Amino acid sequence: MTYDPNNVFAKILRGEIPCNKVYEDEHVLAFHDINPQTPVHILVIPKGAYESFDDFSAKASDAEIAGFVRAVGKITRDQGLVADGYRILANTGRNAHQEVPHFHMHIFAGKDLGRMIKPANK
Ligand code: 5GP
């Protein structure tokens, strides 16, 4: 699949649409989800053009991958989420209902999140 440069997160990275920014560095941008599912719902995205976790894990440089992981950890610490805990999640592809085709990690926090995911119909 070819990366779609007109996806909404690519537009946010180019400054064409606004976001409520939480963190930014050389490799990463993080911002609040426009439709939060939990009291804290942050999205972390790489600045590079990767459509999914699969794409990112296969093609990103070691520096981009390390930078991304370090950034997620830093954001959760800086936002005070570690003591009570949080969940990170990356929907990947059709079965996971990935809506935006630019790799993003969700950070959910701010309440008891329940166990894992709801059992799906098998
Ligand atoms: P996905 O289902 O792809 O894992 O999640 C996409 C997420 O992006 C959703 O939680 C949705 O609310 C969020 N989102 C979609 N468009 C925008 C936007 O324009 N701004 C922000 N901040 N979040 C968005």
Side-chain angles (χ1 to χ4, degrees):
M1 207 200 282
T2 313
Y3 180 81
D4 172 11
N6 288 319
N7 76 75
V8 69
F9 293 168
K11 290 179 179 174
I12 286 174
L13 283 169
R14 290 195 297 268
E16 293 169 8
I17 60 174
C19 71
N20 188 356
K21 186 162 77 176
V22 171
Y23 174 81
E24 183 171 14
D25 66 21
E26 179 188 359
H27 295 300
V28 165
L29 178 67
F31 47 89
H32 293 284
D33 196 290
I34 202 167
N35 183 25
Q37 304 299 307
T38 47
V40 179
H41 185 175
I42 295 167
L43 299 171
V44 188
I45 68 173
K47 289 189 170 175
Y50 303 103
E51 66 180 27
S52 67
F53 177 76
D54 179 64
D55 193 25
F56 183 72
S57 63
K59 297 183 189 153
S61 68
D62 289 355
E64 288 174 297
I65 292 171
F68 188 89
V69 173
R70 297 277 190 207
V72 172
K74 176 173 171 48
I75 291 161
T76 60
R77 289 189 293 277
D78 290 352
Q79 297 290 315
L81 307 180
V82 177
D84 286 344
Y86 60 90
R87 179 167 294 151
I88 54 177
L89 180 148
N91 292 316
T92 307
R94 187 180 61 243
N95 276 1
H97 294 242
Q98 180 180 355
E99 289 174 7
V100 179
H102 180 112
F103 169 49
H104 49 284
M105 185 82 81
H106 297 258
I107 300 172
F108 299 106
K111 68 169 196 174
D112 186 325
L113 299 167
R115 287 180 176 273
M116 291 289 280
I117 58 176
K118 285 185 188 147
N121 294 326
K122 291 178 188 165

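Ligands are counted one by one from 1 in listed order, and the atoms in each one are counted from 1 as well. FYI, side chains are in, hydrogens and waters are out, and symmetry mates aren't considered; it's all heavy atoms of this structure. These numbers were taken from a predicted model, which means no experiment stands behind them.
A ring-centre distance under 6.0 Å is not found for Phe68 and Phe53.
Less than 4.0 angstrom separates some heavy atom of His97 from each of these atoms of ligand 1: 2 (O). Of all atoms in ligand 1, numbered sequentially from 1 with element shown, those under 4.0 Å from a heavy atom of Glu99 are 1 (P), 2 (O), 3 (O). For ligand 1 and Val100, the ligand atoms under 4.0 Å from any heavy atom of the residue are 3 (O), 6 (C). Taking every non-hydrogen atom of Asn91 and a distance limit under 4.0 Å, the qualifying atoms of ligand 1 come out as 1 (P), 2 (O), 4 (O). Shown in contact with Gln98 at under 4.0 Å from a heavy atom are these atoms of ligand 1, numbered in order with element: 3 (O). Heavy-atom contacts of Asn35 reach the following atoms of ligand 1: 12 (O) (cutoff under 4.0 Å).
Contacts between Leu43 and ligand 1 below 4.0 angstrom, taking non-hydrogen atoms only, involve the side chain exclusively. Under 4.0 Å from ligand 1, the heavy atoms of His106 that appear belong solely to its side chain. Only side-chain heavy atoms of His104 come within less than 4.0 Å of ligand 1; its backbone N, CA, C and O stay farther off. With a heavy-atom cut-off of 4.0 Å, Val8 touches ligand 1 through its side chain alone.
A donor-acceptor distance shorter than 3.5 angstrom exists from the side chain of Lys47 to the backbone of Asp25, with no hydrogens or angles considered.
Among Asn20, Asp33, Ile42, the residue whose heavy atom sits closest to atom 13 (C) of ligand 1 is Asp33.
In this structure, Lys11 does not count as a contact residue of ligand 1, since none of its heavy atoms falls inside 4.0 Å of the ligand.
The environment of CD in Glu26 is sparse: at most 12 heavy-atom neighbours from other residues, nucleotides or ligands sit within 6.0 Å.
Considering Glu64, His102, His104 in turn, Glu64 is the only one that fulfils the side chain to side chain donor-acceptor pair (under 3.5 Å) rule with Tyr50.
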